[in-house]
Amino acid sequence: MPLHEACGVVGIARTTSVLADLEISLRALQHRGQESAGITIFNGKHDTHKGMGLVSSVFSEISNEFSNGNTGIGHVRYSTAGGSTIRNAQPVLLKTDLGEFSLAHNGTISNHKKIREMVNEEELTSDTDSEVVLRIIGQKMETGMNAVDAIRDTMNILVGSYSITMMHDNKMYAFRDPLGIKPLAAGCFENGYIIASESSAMDTLGATFDRDIEPGEIVSIDADGVTSHGIEASERKAFCMFEYVYFARADAKMDGVLAYSVRHRLGQQLWKEHPVEADVVIAVPDSGTAFALGYSEASDIPYREGFIKNRYVGRSFIQPDDVKRKNTVNEKMNPVGDLLNGKRVVVVDDSVVRGNTSRKIVSRLREAGAKEVHFRVGCPPIISPCYLGIDMPTREEFVATGKEVEDIRAEIGADSMGYVSISGLVDCIGKGEKQLCLGCIDEHYPVPIEGEKLRE
Ligand code: SF4
C-alpha cells in the first residue's frame with residue numbers, strides 16, 4: 001500500500017561544497033520528520049546517503065570520502081508505522097540512460113493508484129508515491145521532453161500535495177502543487193541559492209529568504225539564481241492551515257505569513273471566544289507558547305512557564321507508534337508546582353488530536369495543586385483524517401469525533417474547555433477561506449478523496 005507521508009525538503013546550489021549546508025538545513029527542518037534523513041550530492045554522479053533516525057545520527061555515519069559537490073538535495077521524513085524503513089527513506093534515486101535523477105518530496109499524492117498504473121511496479125525500489133512521480137518524469141524525458149516540460153506534464157496528472165526538490169545529473173529543479181498545500185521557499189547566499197520547506201532553514205544557514213515558490217510554479221536552481229519556468233496555479237489555493245497551527249516552526253514565514261504571528265493572534269482570539277476568570281495562563285510547551293502569550297496579553301492574566309519541558313524527548317505527534325507516544329508524553333514535561341498550587345490555571349495548547357496528552361496534562365496540573373484547570377485550544381476540533389501530507393490518526397482515534405465540546409471536557413477532566421472557531425482560525429491566518437485547506441476540521445477537502453466531500 002502506498003505510504004502517506006509528510007516531510008521536509010531542501011535543495012542547495014553554491015560555488016562551494018553543500019555537504020555541511022545540507023546537514024544544517026535538515027537539522028533546522030528536523031521537526032518535519034524524525035524517522036529518516038537523507039541527502040544526494042552531485043559529484044560527477046549522484047552520491048546518496050540515507051539512514052534511519054535523526055539527522056545528527058544519520059550524518060555521523062557519513063564517511064570522510066563522501067561527496068563534496070556543489071549541488072545537492074536533502075530530506076527528512078516521517079510516515080505511517082508500517083512504512084518506517086530505510087527502503088522508503090529519501091531522496092529517491094533513479095538511474096537511466098539519460099543520466100541520474102534524485103527526488104525529495106513533501107506531501108501526499110491522492111491519485112496514487114492511477115499514477116502507479118503508469119509505471120512498471122516491478123521496477124519500484126520503494127513503496128512511496130515519490131518514486132512513482134520521479135519515474136513518470138523520467139519516462140517523459142525519454143520521449144524527448146526537456147526536464148521542465150516533463151515536470152509540467154507530470155504535474156498535470158498529479159492530484160494531491162507536493163513540494164519537491166529534484167536533481168537530474170547536476171541540474172536542480174523544484175516545484176509545488178497548484179493548490180500550494182505544502183510550503184516551499186527560496187533564498188540566497190552570497191555564492192548560491194537554496195530551496196527549502198521552511199524559511200527557518202535559511203535563517204539557520206545565514207542565507208536570506210527571498211520568496212515563496214508559488215503554487216503551481218516550476219523553478220530551476222543553480223549557483224547563479226532561481227529561474228521560474230511559469231506558474232500553473234488554480235484560482236483556489238489550499239494552504240494547509242495545520243502548518244500555521246502546529247507543523248511548521250514558529251519562526252517560519254509561509255506564503256507571506258509568519259507562523260508565530262498566527263499562533264499569537266489565535267491566542268488572542270481564544271480569549272475573545274472563551275474568556276474565563278483565572279490567576280495564571282500557561283502553555284503546553286513549546287508549541288502552545290505563542291498561543292498562551294496571546295491569551296495572556298488579551299486577557300491581562302499573567303503568563304508563567306507552568307511546565308518545564310525535557311528538550312531531549314521528541315514531539316509526541318510524530319512518533320510512529322502508539323506505545324512510544326505514550327511514553328514520550330510521560331517524559332516530556334513537568335509542572336512547576338510552586339507556580340500552580342492553589343491557582344486557577346488556563347492551559348493553552350495548539351491542537352488536540354487523540355486527547356491522551358490533554359488528559360495527562362490536566363491530571364498533572366491537578367497533582368501540582370491547581371485549583372481549577374481551563375483548557376484552551378488554538379485549532380478547531382480535528383475530526384477528519386488528513387490525506388494531503390500529515391499522517392493523522394483515523395476518525396475513531398480523534399477525541400473530538402462525534403462529540404460535543406462538553407463531552408471532550410469531561411473526558412480530559414478539565415473545568416472548562418474552549419476551541420477556537422473555524423472562522424476565528426481563518427481570520428487569524430488572514431488569507432481567506434478560499435486560500436486554505438481546512439479538510440481535517442470541516443471534512444471538505446480541496447481535491448477529490450474517495451469517500452470524502454469535495455470543497456466546492
Ligand atoms: S487536511 Fe488538515 S492537516 Fe491535511 S492538509 Fe488539510 S489542513 Fe493540513
Side-chain angles (χ1 to χ4, degrees), residues 2-9 31-33 77-80 105-112 129 158-164 176-184 197-198 215-216 234 236-249 252 254-255 257 259 262-263 266 287 315-318 349-354 377-395 397-401 419-456:
L3 301 173
H4 296 170
E5 54 194 14
C7 314
V9 300
H31 58 287
R32 300 185 70 86
R77 173 172 189 269
Y78 82 84
S79 69
T80 54
H105 172 206
N106 172 203
T108 299
I109 305 300
S110 315
N111 62 339
H112 50 80
D129 304 335
L158 300 178
V159 177
S161 62
Y162 50 92
S163 282
I164 287 176
R176 189 174 176 201
D177 67 75
L179 291 165
I181 297 171
K182 306 310 292 177
L184 196 62
S197 292
E198 295 179 25
S234 62
R236 194 191 195 286
K237 308 286 186 306
F239 191 87
C240 168
M241 67 81 198
F242 209 56
E243 291 278 350
Y244 287 118
V245 166
Y246 171 81
F247 206 61
R249 270 171 52 154
M254 296 168 293
D255 289 351
V257 180
V262 172
R263 294 171 193 180
L266 282 164
S287 51
R315 286 179 149 198
S316 64
F317 181 75
I318 57 177
D349 205 352
D350 55 274
S351 55
V352 173
V353 182
R354 296 175 181 81
V377 192
C379 179
I382 295 174
I383 51 172
S384 195
C386 176
Y387 303 93
L388 293 167
I390 294 198
D391 179 30
M392 284 189 177
T394 56
R395 275 191 169 80
E397 291 174 272
F398 294 124
V399 68
T401 303
Y419 287 88
V420 84
S421 61
I422 292 181
S423 60
L425 170 73
V426 171
D427 285 352
C428 290
I429 295 174
K431 282 184 166 298
E433 205 177 326
K434 291 207 166 111
Q435 302 293 305
L436 294 170
C437 177
L438 305 170
C440 51
I441 54 175
D442 77 356
E443 298 184 280
H444 286 76
Y445 293 86
V447 298
I449 308 279
E450 211 176 302
E452 300 286 0
K453 292 176 215 127
L454 181 67
R455 178 181 290 278
E456 293 306 323

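For ligands, and for the atoms within them, numbers begin at 1 and follow the listed sequence.
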Exercise. Can you tell me if Arg32 uses its side chain to pair, donor with acceptor, with the backbone of Cys7 under 3.5 Å?
Worked result: yes
Exercise. Going by heavy atoms in the side chains, are Ile441 and Ile383 under 4.5 Å from each other?
Worked result: no
Problem set entry | Side chain to side chain, Glu433 and Leu438, heavy atoms closer than 4.5 Å | yes
For this session: Verify side-chain contact (heavy atoms from CB on, under 4.5 Å) between Ser287 and Arg263, making sure each step is shown before the conclusion.
Result: CA-CA 9 Å; Ser287 51; Arg263 294 171 193 180; 5.6 Å; no
Seminar exercise, completed: Near atom 2 (Fe) of ligand 1, protein N/O/S count under 2.8 Å comes to 1
For this session: Would you please classify the geometry between the Tyr244 ring and the Phe239 ring as parallel, tilted or perpendicular, with 30° and 60° separating the classes?
Result: tilted
Seminar exercise, completed: For Asp349, the salt bridge (Lys or Arg N to Asp or Glu O under 4.0 Å) test, sequence neighbours excluded, returns none
